[in-house]
Amino acid sequence: MDQGAAAIKLFPASLGGPRYLSALRDPFPDIPFVPVGGVDQGAAVDYLSRGALGVGIGSPLIGDAASGGDLPALRSRARQFLSAAEGLQQ
């Protein structure tokens, strides 16, 4: 952070899960973390509710759409992720 970083990427987040982020928040309360790697919808909500600045979501969102797969399913997953995130703002 002293070198000008805006946030710290927590990768792979799936190894420690949301509880690991909570453990990091205690000694580093002012560090903005962005968990990435193995973050699905449920984990995204959990990370964000535990103080993550944001989350990186890849495969759980994209699924097979990148290789010409099911685009309606991608749209549905995107809506679900957005809805979950918006629920935290209320």
Side-chain angles (χ1 to χ4, degrees):
M1 298 309 297
D2 291 341
Q3 299 298 315
I8 302 297
K9 178 180 179 179
L10 183 61
F11 177 85
S14 60
L15 285 182
R19 289 179 41 202
Y20 182 54
L21 175 63
S22 291
L24 289 173
R25 302 295 310 145
D26 289 337
F28 305 111
D30 298 326
I31 303 291
F33 289 100
V34 179
V36 176
V39 178
D40 61 14
Q41 181 181 343
V45 170
D46 205 358
Y47 283 118
L48 294 169
S49 68
R50 292 174 188 244
L53 175 65
V55 293
I57 302 167
S59 298
L61 172 63
I62 301 300
D64 66 354
S67 59
D70 190 349
L71 292 179
L74 169 61
R75 282 190 286 277
S76 175
R77 287 188 300 274
R79 280 190 215 95
Q80 291 170 3
F81 273 99
L82 287 171
S83 177
E86 288 170 350
L88 290 172
Q89 296 175 359
Q90 296 175 1

**Q.** Cluster link Tyr47 to Leu61, ILVMFWY, side chain under 4.5 Å
**A.** yes
**Q.** Nearest non-hydrogen partners of Pro32 and Ala6, listed with the distance
**A.** CG-O, 3.1 Å
Q. How far apart are the closest heavy atoms of Val55 and Val39, and which atoms are they?
A. CB-CG1, 4.1 Å
Q.
Could you report the tightest heavy-atom contact between Ile8 and Ile31, atom names first, then the distance?
A. CG1-CG2, 3.5 Å
Q) Is there a donor-acceptor contact under 3.5 Å from the side chain of Asp70 to the main chain of Ala65? A) no
Q: Kindly give the heavy-atom pair with the smallest separation between Phe81 and Asp40, and that separation in Å.
A: CE2-C, 3.7 Å
Q: Answer yes if Phe11 and Ile57 sit in the same cluster of Ile, Leu, Val, Met, Phe, Trp and Tyr residues linked by side chain heavy atoms under 4.5 Å apart, and no otherwise.
A: no
Q: Say whether Tyr20 and Leu48 are linked into one hydrophobic cluster, either directly or through other cluster members, by side-chain heavy-atom distances under 4.5 angstrom.
A: yes
Q. If you take all heavy atoms of Leu21 and Pro35, which pair is closest and at what distance?
A. CD2-CG, 4.4 Å
Q.
Could you walk me through whether Gln41 and Arg77 satisfy the side chain to side chain contact (heavy atoms under 4.5 Å, CB included) test, starting with their C-alpha distance in whole Å, then the side-chain angles of each, then the deciding distance to 0.1 Å, before giving a yes or no?
A. CA-CA 9 Å; Gln41 181 181 343; Arg77 287 188 300 274; over 6 Å; no
(Q) Applying side chain to side chain contact (heavy atoms under 4.5 Å, CB included) to Leu53 and Phe33, what does each step give before you reach the verdict? (A) CA-CA 6 Å; Leu53 175 65; Phe33 289 100; over 6 Å; no
Q: May I ask you to test the Leu10-Val34 pair for a side-chain heavy-atom distance under 4.5 Å?
A: no
**Q.** Short side-chain to backbone donor-acceptor contact, Arg25 and Asp30, under 3.5 Å
**A.** no
Q. Distance-only, no hydrogens or angles: does the Ser76 side chain make a donor-acceptor pair with backbone N or O of Pro72 under 3.5 Å?
A. no
